[in-house]
Structures are given as structure tokens and as C-alpha cells.
Amino acid sequence: MITRKVTRKWEKLPGKNTFCCDGRVMMGRQKGVFYLTLFLIVGTCSLFFAFECPYLAVHLSPAIPVFAVLLFVFVMAMLLRTSFSDPGVLPRALQEEANFIEMEIEAANGNVMAGQRPPPRIKNVQINNQIVKLKYCYTCKIFRPPRASHCSICDNCVDRFDHHCPWVGNCVGKRNYRYFYLFTLSLSLLTIYIFTFNIVHVVLREYRNIFEHVVSLTPHCTVLEVLVCFFTLWSVVGLTGFHTYLISLNQTTNEDIKGSWSGKNRVQNPYSHKNIIKNCCEVLCSPTYPSVLDRRGVMLEDLSSPTSSDASAASTHKSSNPVSQTTKSSAPLIPNEHTPDEAKPGIGAGTQKSTSSPKEEKPPSPTSPNAVAPAVIKESSH
């Protein structure tokens, strides 16, 4: 009997991504900086809710903490959505597909002399009346789609690859770029919001206690929050402005760093609509693309091979059934990895018999392990 183990496909996916919750959560390999991001956001907001919000709700307006809570929840939702989702990883080619692509490349390039460098593996496609080159990935064994690139950290090709962000612990690509942008935008607003009301809190408290010399815990926490927000403000707001500029041009960070559309050749961006509103709508408002990875799909793995008695019984059944002989002769000459050696056809022995005395062939014995071979050779001779 063959025992089979049921496994999920995410357990066998290549690359360096990590999976949690039975494949529902997909992240990059390095997650230390992501935990630091969570600590900074949650810690700063907790101090603000604990020390500033009660005072501001009483002396200014109760809407201040309510809006801060809503903004904090939105920031956390966008962060987790960016970090825990598939950024657009492309599946690698199967062995048969990789062999076929290699044959096509060798046929197109021809024989390369020894010592000569082989030509680059590139395909040209036309997008908006402009030629775009598709590069071959030697790791994934595929021609990458337009705007895709191979992430060296996750060791996977990502569709519309923007960059690998350690702060979110994942790649930023076609499927999670909008959530990454909304995360940076909302985090900028939250940082400005907390920084502003921290200053207001310090001014109000100093104004009310100008003649009092009372040292409490609240002013120290407020100063700490002001410092954290001040140093975070410049980087987060600057990052948001940079990606706003890229979205208006319908361009990725990877393309901007490489100078794909602003180099010496001055090649125009074929993906831009020449309109800021259209570019923003395409990036932020287009439908969400489904994942091409069947992460939670089921796979069956054989844990044991059939015994010799089962193999001989299967061989007897094949020799007594002429239909199975025809099917065997038309199948490709690739032995099944679960078929034992006793059940494989003896092609060499059958060829010798048919060459020496073809008229003396007898029907194969049903108990012979090489019963299938004479039938195969006889059928091929016709």
C-alpha cells in the first residue's frame, strides 16, 4: 500500500519567504526591523493616549483622542496589510518548462564557440509602441514580465517590483504597493498630529503652571514623544513625498534608481498616461490583482513505494491486458520513479530475441517480470 501525506503548497515553495497561520501570512526573511516599527508606533501612541489625551480632552476637545484612535487603527491596518500579504511573487518554472525554455534559447542563439561569451537572454516586447526588454531570470528559470525584478533578500521574482522595505518586513510590489503608500501617508499624518498636540500640551501646561514648580511624570513623557516624532517626521514625510512623486509619473523606485526612463537614451515611460490624475488612479484605484501562488493548495506526497509482490501483480495484469500494452508503448521513455526495477521492461533482452528468431516468438508468460518487453518490441516493429 502507498501511504500519502497531505501537505500545503506553501511548505514546498522555493525562496526565502516565511509563512505563518497555515500559509495565510507571507513575509520576508528578515523581520527584526518590522518589530522595531511596531514598537515605535505602538509605544509612541500609547504614551500619547495615556498622558496627553486625558488632559487635551478636558481642556480642549474630546474629539482629539477619538481622531487619534481612528488614525492609529488605520495606520496599523495598512502596516499589517502590507507586511502580511503576497507582494506579487511569481512562481518558478517547472523542470519541464525550464528545459523547454533552455532548448528555445539554445536554438535561437545557436552554437557558441569555446571562450566566447553567450549572448544575453532577452526577449523584446512592444508596449505602447515602444520596445521593452524582458530579462531571463537564471534562478526562477523564467522570462520576467515587464517591470518585474528578482529580490535578492526574498530570493523570488516580484511583479512590478518597487523595493524591499525592511521596515515592513516584506517586498513592495504589484499587490501591496497601494497599502504601503497609504501606510506611509497615514503614518505621516499621525506623526504630525501627535507632534502638534504634544507641543500644544506642553504650552498649555507651562502656561497654567508658570508660577508652580511641580515636577511630574507627564512632562518627561511629553518631551520623549516630541523627540521621537521630531526625528521620525522628516524621514516618513520625505518618503511619502517621494512616493507621491513616483505615483504621479507611474514609476517604481527600482526604475527611478536604475534610470530606466531618464537615462542617456531618454526613453519615454511606456506605462505613463501623461496625466497625473490617470496615473494616480491606475496605481491607487485599480482592482486588486489576485495572487498567482496557490499557497494553501493541497499536495499529496508518497511516503513509501510499492512492494515486490504488488509490482509483480501489476506486471501480470499489464501482460494479460492488450490495451495496457498499447498504452505502454506509446508513453514517453521516462521510467516512473515509483516503479521498481523488476517491473521495468527489459528492452535489451526483447531486442535480442526479436533479432535472432522473430518467428519463434511466443506469448509472454504471465508470471515473467519482463512480460511487457516482447509485446512492446513486437508492436514497434509493425
Is it the case that one hydrophobic cluster holds both [X] and [Y], taking links as side-chain heavy atoms less than 4.5 Å apart, direct or via other members?
{"X": "Ile199", "Y": "Trp234", "answer": "yes"}
{"X": "Tyr55", "Y": "Tyr193", "answer": "yes"}
{"X": "Phe49", "Y": "Leu187", "answer": "yes"}
{"X": "Leu13", "Y": "Met27", "answer": "no"}
{"X": "Leu182", "Y": "Ile41", "answer": "yes"}

So, taking the atom named [atom1] in [X] and the one named [atom2] in [Y], what distance separates them when rounded to the nearest 0.5 Å?
{"X": "Thr82", "Y": "Tyr177", "atom1": "OG1", "atom2": "OH", "result": "11.5 Å"}
{"X": "Ser260", "Y": "Asn254", "atom1": "OG", "atom2": "CG", "result": "6.5 Å"}
{"X": "Phe84", "Y": "Phe34", "atom1": "CZ", "atom2": "CZ", "result": "4.5 Å"}
{"X": "Asn17", "Y": "Cys171", "atom1": "CG", "atom2": "SG", "result": "7.0 Å"}
{"X": "Gln30", "Y": "Cys154", "atom1": "CD", "atom2": "SG", "result": "8.5 Å"}
{"X": "Asp159", "Y": "Asp86", "atom1": "CG", "atom2": "CG", "result": "10.0 Å"}

Would you say [X] and [Y] make side-chain contact, with heavy atoms under 4.5 Å?
{"X": "Val158", "Y": "Leu90", "value": "no"}
{"X": "Ile153", "Y": "Lys16", "value": "no"}
{"X": "Met76", "Y": "Leu38", "value": "yes"}
{"X": "Val89", "Y": "Cys157", "value": "no"}
{"X": "Phe197", "Y": "Glu52", "value": "no"}
{"X": "Leu185", "Y": "Met78", "value": "no"}
{"X": "Leu293", "Y": "Met26", "value": "yes"}
{"X": "Val168", "Y": "Ser83", "value": "yes"}

Counting only heavy atoms not in [X], do more than 12 sit closer than 6.0 Å to its [atom1] atom?
{"X": "Ile276", "atom1": "CD1", "answer": "no"}
{"X": "Phe242", "atom1": "CZ", "answer": "yes"}
{"X": "Leu70", "atom1": "CG", "answer": "yes"}

- Message: Before we go on, tell me: are the rings of Phe180 and His163 under 6.0 Å apart, centre to centre?
- Response: yes

- Begin from the C-alpha positions of Phe48 and Phe72 and carry the test ring pair (Phe, Tyr, Trp, His ring centres under 6.0 Å) through to its verdict. CA-CA 11 Å; Phe48 180 73; Phe72 169 75; over 10 Å; no

Side-chain H-bond candidate by donor/acceptor type, [X] with [Y], under 3.5 Å:
{"X": "Asp294", "Y": "Trp10", "answer": "no"}
{"X": "Gln251", "Y": "Asn269", "answer": "no"}
{"X": "Thr252", "Y": "Asp162", "answer": "no"}
{"X": "His164", "Y": "Asn170", "answer": "no"}
{"X": "Arg178", "Y": "Ser286", "answer": "yes"}

Donor-acceptor pair, side chain of [X] and main chain of [Y], under 3.5 angstrom:
{"X": "Arg175", "Y": "Tyr289", "result": "yes"}
{"X": "Arg8", "Y": "Arg296", "result": "yes"}
{"X": "Ser272", "Y": "Asn250", "result": "no"}
{"X": "Ser85", "Y": "Pro87", "result": "no"}
{"X": "Ser61", "Y": "Ala57", "result": "no"}

- Residue pair Ile142, Arg92: steps toward the side-chain contact (heavy atoms from CB on, under 4.5 Å) verdict: CA-CA 7 Å; Ile142 60 173; Arg92 300 189 182 186; 5.8 Å; no

- Option among Asn176, Thr240, Thr244 that satisfies the side-chain hydrogen bond (donor to acceptor under 3.5 Å, both in side chains) test with Tyr181: Thr244

- Could you walk me through whether Phe183 and His243 pass the ring pair (Phe, Tyr, Trp, His ring centres under 6.0 Å) test, one step at a time? CA-CA 12 Å; Phe183 163 68; His243 280 280; over 10 Å; no

Heavy-atom pair with the smallest gap, counting every atom of [X] and [Y]:
{"X": "Asn156", "Y": "Gly15", "value": "ND2-CA, 3.8 Å"}
{"X": "Cys165", "Y": "Val172", "value": "CB-CG2, 4.1 Å"}
{"X": "Val292", "Y": "Pro91", "value": "CG2-CD, 3.5 Å"}

- Query: Could you walk me through whether Phe161 and Arg147 pass the side-chain contact (heavy atoms from CB on, under 4.5 Å) check?
  - Reply: CA-CA 7 Å; Phe161 178 76; Arg147 315 187 83 175; over 6 Å; no

- Message: Parallel, tilted or perpendicular: which one describes the rings of Tyr271 and Trp261, with boundaries at 30° and 60°?
- Response: perpendicular

- Query: Under the 6.0 Å and 45° cation-pi test, does Arg81 pair with Tyr179?
  - Reply: yes

Name the atoms and distances for all side-chain donor-acceptor pairs under 3.5 Å in residues 125-137, with sequence neighbours left out.
residue, atom, partner, partner atom, Å
Asn128, ND2, Pro270, O, 2.3
Gln130, NE2, Gln268, O, 2.7
Tyr136, OH, Glu102, OE2, 3.1

- Determine, stepwise, if the pair Glu282 / His273 fulfils side-chain contact (heavy atoms from CB on, under 4.5 Å). CA-CA 9 Å; Glu282 180 181 347; His273 298 281; 2.4 Å; yes

- Query: Any Lys/Arg nitrogen of Lys141 or Glu97 sitting under 4.0 Å from an Asp/Glu carboxylate oxygen of the other?
  - Reply: no

- Among Thr191, Leu190, Thr184, side chain to side chain contact (heavy atoms under 4.5 Å, CB included) partner for Val75: Leu190

- Could you walk me through whether Leu239 and Ser235 pass the side-chain contact (heavy atoms from CB on, under 4.5 Å) check? CA-CA 6 Å; Leu239 183 64; Ser235 58; over 6 Å; no

